[in-house]
There are 2 protein chains.
Amino acid sequence: MTKNYSSEIASPLSSNHEDYLKAIYILEARGEQVTNSVLSEYIGFTPASATNMVKKLSQMDLVIYRPHQAVSLTPTGRRVALEILRHHRLLELFLHKTLDIPWDSVHEEAERLEHVISEALEDAIAASLGYPKVDPHGDPIPTKTGEIGHTPGHPLSQAKAGRAYRLVRVLSQEKERLAYLGRLGLSLNVELFLREQAPFDGPVLVEVAGVEHALAAEMAALLQVVPASAK
Amino acid sequence: MTKNYSSEIASPLSSNHEDYLKAIYILEARGEQVTNSVLSEYIGFTPASATNMVKKLSQMDLVIYRPHQAVSLTPTGRRVALEILRHHRLLELFLHKTLDIPWDSVHEEAERLEHVISEALEDAIAASLGYPKVDPHGDPIPTKTGEIGHTPGHPLSQAKAGRAYRLVRVLSQEKERLAYLGRLGLSLNVELFLREQAPFDGPVLVEVAGVEHALAAEMAALLQVVPASAK
DNA sequence: TCTACAATTTAGCCATGACTAAAAACTACT
DNA sequence: AGTAGTTTTTAGTCATGGCTAAATTGTAGA
């Protein structure tokens, strides 16, 4: 039950606190300005509730809050967020690899588990997986000390036709979307051949395991790929 | 996230509600009269809080409450309690077998996880373990339909000296106690030879893997054994 | 700069579920 | 049966963290 960050934080954090911090981290990492509306929409509470909570997190020195400004994480806040994200992504991979939970389901399961696993369990999971670097969607797993790498690759929507690629990351956790990709045979590290890149944000034609599929531009933008030869 | 009992229950239950129901179940199963003081002491809240909660559970038709009487579970309440207990015990075994978490630690870990796993995850865990019947302490695992067997065996403190036994259950979840037993080589299904049974609740002399140990009577009473030959 | 619209914050409400202190109700002993 | 002592319940407080509605602030266009 001892958390990494327990030494730095006075009161224990609830799942909710952790969810706010994680949300702020993710929105920041996306490069967005974490305004109150962006945050409240993301977490699914009203703007008033978000203001309220952000103020409390600010008193705990987890975020920096200035009225009418974007929120940001303090170093401690970031540490907490990264610890939760580490739990989340380790759990996703663990559930997928050890229990065969489909990749479109692991997210919501991990969403609840991430708040209740101990350090010891986190360590045991990491060890059993051989200290992995990415989760089943290709998202990087933060280290215990709070470092996080960035996955290489670029969107399939910006790739060149007539070349082979390898899928290294999917920028979505939506169950339906992931299930759809799964049905096309598109999962992590799968190779694909880019047949055609329609102009004006048109669909993309890809070949996966010998079968051709058309993908909406919006979908292709979520698929991060590297040239097939690259490690 | 869909729970077995969701069809029968109006409002979703919190971890806390579930803990109360589980506590009532366990106390009932121990054969105790689940009075308010017994319950409140077990869950670690004040008697006033327990009354309060029991009344709410009663309104939800999960327990039967009559002022100044022992509480008891309704069929639905029992179903919920058994589902949580199933989660708990499956998790204990899973953590122990799949992640090598020591048997003296699985309880507290499962205590938090039991409230947040989905039906799908419960099923996946059960399947991966081959639909086990008992957890690492020998406690029976309720079935999905809410049946629960009872482990055979009798306390070591009532066993006869000069015979060999097999440990089939330990009636304690205390970390220190379990760690101690573990150091003696006493874990589930281990064989032991009962050298001497001191009278007047005196200590018990057992031989485990060729080494002799003296056990306090109190400890011996917690160890359920069967004759070594028995399956 | 002024005004209209959008974003944010404030104020105040509500439910939850813990708590303490006091009242009430049971039990057991004389 | 009466009373002392224990158990249980009631009454009322508090913190949390959601909510709505209203006030405020900020911003962009005329």
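Remember, predicted model here, so these are calculated numbers, not experimental data. So you know, we letter chains A, B, ... as the sequences are listed, proteins then strands, and number each from 1.
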Of the listed nucleotides [options], the one nearest the side chain of [X]:
| X | options | value |
| --- | --- | --- |
| B:Tyr20 | C:dA18, D:dT7, C:dT9 | C:dA18 |
| B:Ser14 | C:dT9, C:dG17, D:dT8 | C:dG17 |
| B:His68 | D:dG17, C:dA25, D:dG18 | C:dA25 |

Whole angstroms only, please: what is the [atom1]-[atom2] distance between [X] and [N]?
| X | N | atom1 | atom2 | answer |
| --- | --- | --- | --- | --- |
| B:Met53 | D:dT10 | CE | C1' | 18 Å |
| B:Leu57 | C:dG17 | CG | P | 9 Å |
| B:Ile43 | C:dG17 | CD1 | P | 12 Å |
| B:Leu39 | D:dT9 | CG | P | 11 Å |
| A:Lys55 | D:dG18 | NZ | P | 14 Å |
| A:Asp19 | D:dG18 | CG | C1' | 14 Å |
| A:Gln69 | D:dG26 | CD | P | 9 Å |
| A:Arg66 | D:dG26 | CZ | P | 13 Å |

Review item, nucleotides 19-22 of chain D N/O atoms under 3.5 Å of protein N/O:
{"residue": "D:dC19", "atom": "OP2", "partner": "A:Thr46", "partner atom": "N", "Å": "2.9"}
{"residue": "D:dC19", "atom": "OP2", "partner": "A:Thr46", "partner atom": "OG1", "Å": "2.9"}
{"residue": "D:dC19", "atom": "OP2", "partner": "A:Ser49", "partner atom": "OG", "Å": "2.6"}

Has [X] got a side-chain N or O lying under 4.0 Å from the OP1 or OP2 atom of [N]?
| X | N | answer |
| --- | --- | --- |
| A:Thr51 | C:dT10 | no |
| A:Ser37 | C:dT8 | yes |
| B:Asn16 | C:dT16 | no |
| B:His17 | C:dG17 | yes |

inquiry  = Is the ring pair A:Tyr20/A:Phe45 parallel, tilted or perpendicular, if the boundaries are 30 and 60 degrees?
reply    =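 A:Tyr20 vs A:Phe45 ring planes: parallel.
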
Output the distance between atom [atom1] ([X]) and atom [atom2] ([Y]), rounded to the nearest 0.5 Å.
| X | Y | atom1 | atom2 | result |
| --- | --- | --- | --- | --- |
| A:His107 | A:Trp103 | NE2 | CH2 | 13.5 Å |
| A:His115 | A:Lys22 | NE2 | NZ | 5.5 Å |
| A:Ile141 | A:Leu129 | CD1 | CG | 7.5 Å |
| B:Tyr65 | B:Thr51 | OH | OG1 | 5.5 Å |

Comparing A:Lys56 and B:Val38 on DNA chain D - which has the more 5′ nearest nucleotide =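 Per heavy-atom nearest nucleotide, the more 5' residue is B:Val38.
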
task = Determine the minimum heavy-atom distance between B:Leu171 and B:Arg169, stating which atoms define it.
result =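 In this case the closest contact between B:Leu171 and B:Arg169 is CD2-NE, 3.6 Å.
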
task = Kindly give the heavy-atom pair with the smallest separation between A:Pro140 and A:Thr151, and that separation in Å.
result =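 Heavy atoms only, the tightest pair is CD-OG1, 3.5 Å.
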
